[in-house]
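Heads up: numbering here begins at 1 and tracks the sequence. Given the structure is predicted, the values throughout are model-derived calculations rather than measurements.
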Amino acid sequence: MLRKSIVSLTVACALSGIAESRPPVIDIDLIEPIPTKPATTNVEYGAGLILKKKKRLVPIIDTPLEPIKPNDELQLQDASRTIISQNNYDTEAYLGALLNEKVTHQTFDSNGAQVVTFNGQKTVAELKIMAASLMATGEYAYVDINHYVKHQLTPNDPQLSNMWGLINQTAGIRAPAAWDDNQGQNVTVAVIDTGYRPHADLAANIVGGYDFISNPTTARDGNGRDSNAMDEGDWTTLGECGTDQNGNPLPAQNSSWHGTHVAGTVAAVGNNNNGVVGVAYKSKVVPIRVLGRCGGTTSDTADAIRWAAGGNVPGVPTNPNPAKVINLSLGGFGNCQTSTQNAINYARSQGAVVVIAAGNNSLDVSNFQPANCNGIISVASLTSTGNRSDFSNFGNRIDVIAPGSLILSTLNSGTTTPGTDSYQYYNGTSMATPHVAGVAALMLTRNSALTPDQVENRIKSSARNFTSGSNCNTAVCGDGILDAPAAIDAAGINYVDVYPGDTAYNALVQEIYHEVSSDNIDLNFNSSIQTRTQLCNLLVSRHNGGTNPGQSQTNSAYIGESITVNQCLNALWFSDGYDSNADWNQWTGNHVGTWYDQTNSFTDNANWLQSVNEAANDPNDTDANGNTRVYNFQQVEFLGANAHFGWNQAHHEVAYVWGWDPKDQTNTDGTVGTHVGWTFDLGTAKCIIWVTKNEAFLECVKDVGSETRRTSTGFFGFGQWTVES
């Protein structure tokens with residue numbers, strides 16, 4: 001009788017302080033010279049120059065060596081009868097002649113220096129040349145570049161400073177720069193491992209899960225497969241799991257709580273003023289248990305991979321939370337099993353990215369499964385000095401290297417059965433892998449349309465060069481060091497078919513969203529608005545103090561709430577959009593407001609109708625299952641002489657809202673037209689910041705309780721507030 005081969009799997013981590021016998025490490029520097037990747041550069045632009053003039057002492061009796069310009073400020077000095085000639089302002093024409101550029105005076109800063117801009121964007125390199133030419137005249141105390149600055153989100157988790165893998169600029173993944181773009185919202189990551197513990201710094205991001213361990217003895221829960229993915233502990237006694245190659249009983253081991261550590265690296269709750277933070281700390285983790293006492297099997301793992309991606313497994317209910325990223329921090333010696341490869345192929349066909357630890361034997365990864373399977377991202381481990389960890393497997397099947405030595409994450413204090421929440425440093429390619437899985441989640445938040453191959457290729461192409469003197473090269477450590485912000489940039493724009501059949505409209509929505517998310521705003525109506533901070537300063541000043549119809553009607557006087565710049569910025573940086581139809585309906589309700597036409601300055605009452613589901617008008621626009629797509633609209637009915645309908649729409653897979661007003665479909669009369677919005681709460685009001693290519697405005701609605709406005713939803717619109725030039 002033929003018996004199916006089952007290969008044993010173990011976790012791919014090396015606990016701190018545990019020695020491991022292995023062959024001598026090959027001196028890889030003797031194999032071949034370290035090649036260098038072509039350097040990549042990003043062009044940096046500046047906002048202009050900051051000029052500070054020198055003070056000149058000019059004898060009042062003698063003829064001045066230099067003529068005093070008409071706009072010099074002259075002050076009499078007591079005894080010496082000399083004049084302090086303070087030329088604190090150069091005319092645009094004078095500077096233009098010096099620099100051979102069209103110059104615009106903007107303002108004076110708090111130090112009395114003059115701030116100027118130029119026609120079109122100038123690179124920092126160009127501005128440096130201009131600054132040098134001005135300094136060469138001898139008239140200036142200093143000429144500074146007016147750099148653009150960008151906020152870097154730094155969560156308030158107190159252990160972040162101990163997480164070198166996230167923040168180290170040399171060998172870490174540079175997560176804070178990536179978090180300015182997104183934090184992994186709306187992406188689900190499956191962690192196929194030992195299960196999980198409900199750690200207070202992780203539990204909020206755990207959804208669903210399943211226990212795929214078939215053997216009750218391995219599972220320690222008294223049964224086979226079940227819906228409880230809780231980690232029961234994987235401790236062992238002396239010899240319980242067999243002997244080593246010399247026939248000696250394998251030593252006893254404490255419970256590792258390995259899956260909790262891995263899941264915490266992916267998605268420990270961020271910005272909660274507690275403990276650590278995950279790479280994609282707004283993503284969700286589906287814990288899938290395949291490892292228990294003495295490890296696990298490839299048959300259970302293959303079923304878990306298929307289930308994670310939404311596939312059918314006999315005797316197991318369908319996963320209600322199919323994953324877009326699957327993390328496997330496990331492995332064993334041998335060839336990739338056909339059953340495992342088939343499961344990976346299925347997951348990829350469903351759009352899931354599969355990320356696998358290379359293993360901790362300091363050997364070529366080609367001998368270790370499932371890291372030697374096809375279609376996966378194989379991950380080696382890096383130290384904080386930029387070297388390959390001495391335990392990490394290597395070879396030309398490695399795709400990328402990521403932090404894996406001394407990685408701090410969520411754990412449990414129990415040595416056998418569960419104890420209390422804790423945090424612990426672990427070492428292993430197991431720890432490197434969830435860094436990559438987390439970055440994949442960030443990329444898919446930016447662009448949910450990416451295929452598994454595109455995610456892999458863009459992670460590899462965006463990887464940083466190995467550090468100088470590193471023991472890594474592309475033959476052994478993959479294409480480079482994982483770089484989160486570069487990978488997000490490589491992901492492109494999150495393209496959603498927001499209006500079926502209208503490619504130009506779709507592209508405009510994505511362009512507006514990407515401009516604001518990258519802090520490079522370019523509104524046609526006001527060329528001085530270039531950053532989120534500038535936009536928020538203007539919105540806040542208008543909201544809190546504006547009363548002129550055509551400029552401001554949604555203001556603090558109407559909703560009883562003032563807004564701060566930080567509230568505005570937080571909305572643009574961190575808005576989650578709307579999570580469900582119910583949330584969207586609650587905000588929109590049925591409310592009456594006032595619409596201001598920017599060009600004609602007339603008032604047009606509008607009725608925001610309850611959201612409705614409406615089938616797409618393009619019968620060829622279908623989802624992956626061939627069903628006609630259904631869109632969730634918020635209808636906007638304009639009343640009076642300008643009667644017509646428009647709509648807004650919330651898409652629950654992206655962190656923004658978009659809308660379209662048919663009155664401005666061609667952008668000929670200056671009204672709202674195509675717009676993208678970011679949501680936030682303002683006291684008892686709910687607000688949204690809308691941005692178009694021509695204007696920006698803030699809209700708030702407030703629960704007015706006993707007020708009756710067309711329906712019983714209890715929301716009353718206080719109108720549109722438009723920022724004008």
Side-chain angles (χ1 to χ4, degrees), residues 150-169 172-189 191 196-207 257 259-285 287 403 406-413 418-426 431 434-435 437-439 441-442 445 484-485 532-533 536 561 563-577 579 583 655 678-684 686-687:
K150 184 177 180 181
H151 172 85
Q152 271 201 354
L153 168 60
T154 303
N156 58 18
D157 305 81
Q159 295 278 16
L160 177 59
S161 60
N162 296 322
M163 304 179 74
W164 75 265
L166 301 186
I167 63 176
N168 184 291
Q169 294 293 302
I173 69 170
R174 302 195 304 133
W179 291 330
D180 275 351
D181 187 276
N182 73 84
Q183 304 87 47
Q185 50 267 48
N186 303 310
V187 175
T188 299
V189 180
V191 173
Y196 79 103
R197 295 308 307 170
H199 195 292
D201 206 8
L202 174 64
N205 284 338
I206 296 290
V207 293
W257 314 114
T260 299
H261 197 282
V262 171
T265 300
V266 174
V269 178
N271 219 29
N272 63 343
N273 203 28
N274 180 37
V276 297
V277 58
V279 174
Y281 64 80
K282 286 189 179 179
S283 66
K284 300 299 182 184
V285 168
L406 291 176
I407 302 303
L408 183 64
S409 187
T410 48
L411 211 72
N412 189 279
S413 65
T420 58
D421 290 352
S422 67
Y423 300 90
Q424 183 63 50
Y425 291 93
Y426 270 9
M431 284 60 256
H435 284 86
V439 168
L442 299 176
T445 293
R532 289 175 294 223
T533 301
C536 283
E561 302 279 357
I563 183 176
T564 67
V565 172
N566 281 341
Q567 285 171 312
C568 174
L569 291 174
N570 283 337
L572 296 180
W573 286 326
F574 313 130
S575 172
D576 286 331
D579 297 328
D583 191 14
W678 290 261
T679 66
F680 65 102
D681 290 333
L682 180 61
T684 57
K686 291 182 178 289
C687 299

Quick check: do [X] and [Y] have side-chain heavy atoms less than 4.5 Å from each other?
{"X": "Leu569", "Y": "Asn566", "result": "yes"}
{"X": "Arg197", "Y": "Leu411", "result": "no"}
{"X": "Ile407", "Y": "Trp164", "result": "yes"}
{"X": "Asp181", "Y": "Leu442", "result": "no"}
{"X": "Pro434", "Y": "Val279", "result": "no"}
{"X": "His199", "Y": "Asn412", "result": "no"}
{"X": "Met431", "Y": "Thr265", "result": "no"}
{"X": "Pro418", "Y": "Trp257", "result": "yes"}

Which residues share a side chain to side chain contact (heavy atoms under 4.5 Å, CB included) with Asn272, sequence neighbours left out |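 Side chain to side chain contact (heavy atoms under 4.5 Å, CB included) list for Asn272, sorted by chain: Asp157, Asp201, Val269, Asn274.
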Mind checking what makes side chain to side chain contact (heavy atoms under 4.5 Å, CB included) contact with Pro485, not counting sequence neighbours?
->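 Checked Pro485 against side chain to side chain contact (heavy atoms under 4.5 Å, CB included); matches are Arg174, Ala177, Ala178, Asp483.
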Test side-chain hydrogen bond (donor to acceptor under 3.5 Å, both in side chains) on Thr410 and Thr260 and set out the steps.
-> CA-CA 6 Å; Thr410 48; Thr260 299; over 6 Å; no
Main-chain N/O of [Y] paired with [X] side-chain donor or acceptor, under 3.5 Å:
{"X": "Asn205", "Y": "Lys284", "result": "no"}
{"X": "Ser413", "Y": "Thr420", "result": "yes"}
{"X": "Thr445", "Y": "Gln185", "result": "yes"}
{"X": "Trp179", "Y": "Ala280", "result": "no"}

Tell me, please, which residues at least two apart from Ser161 pass side-chain hydrogen bond (donor to acceptor under 3.5 Å, both in side chains).
->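 Testing Ser161 for side-chain hydrogen bond (donor to acceptor under 3.5 Å, both in side chains), a comparison that skips the adjacent residues, returns none.
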Those residues that, when tested against Thr564, pass side-chain hydrogen bond (donor to acceptor under 3.5 Å, both in side chains) (two or more places apart) =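 Expected list: Gln567.
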Approximate separation, where rounding is to 0.5 Å, of Ile167 CD1 and Ile173 CD1 |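 Answer rounded to 0.5 Å: 11.0 Å.
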Evaluate side chain to side chain contact (heavy atoms under 4.5 Å, CB included) for Tyr196 paired with Ile206, printing each intermediate quantity in order.
-> CA-CA 9 Å; Tyr196 79 103; Ile206 296 290; 4.0 Å; yes
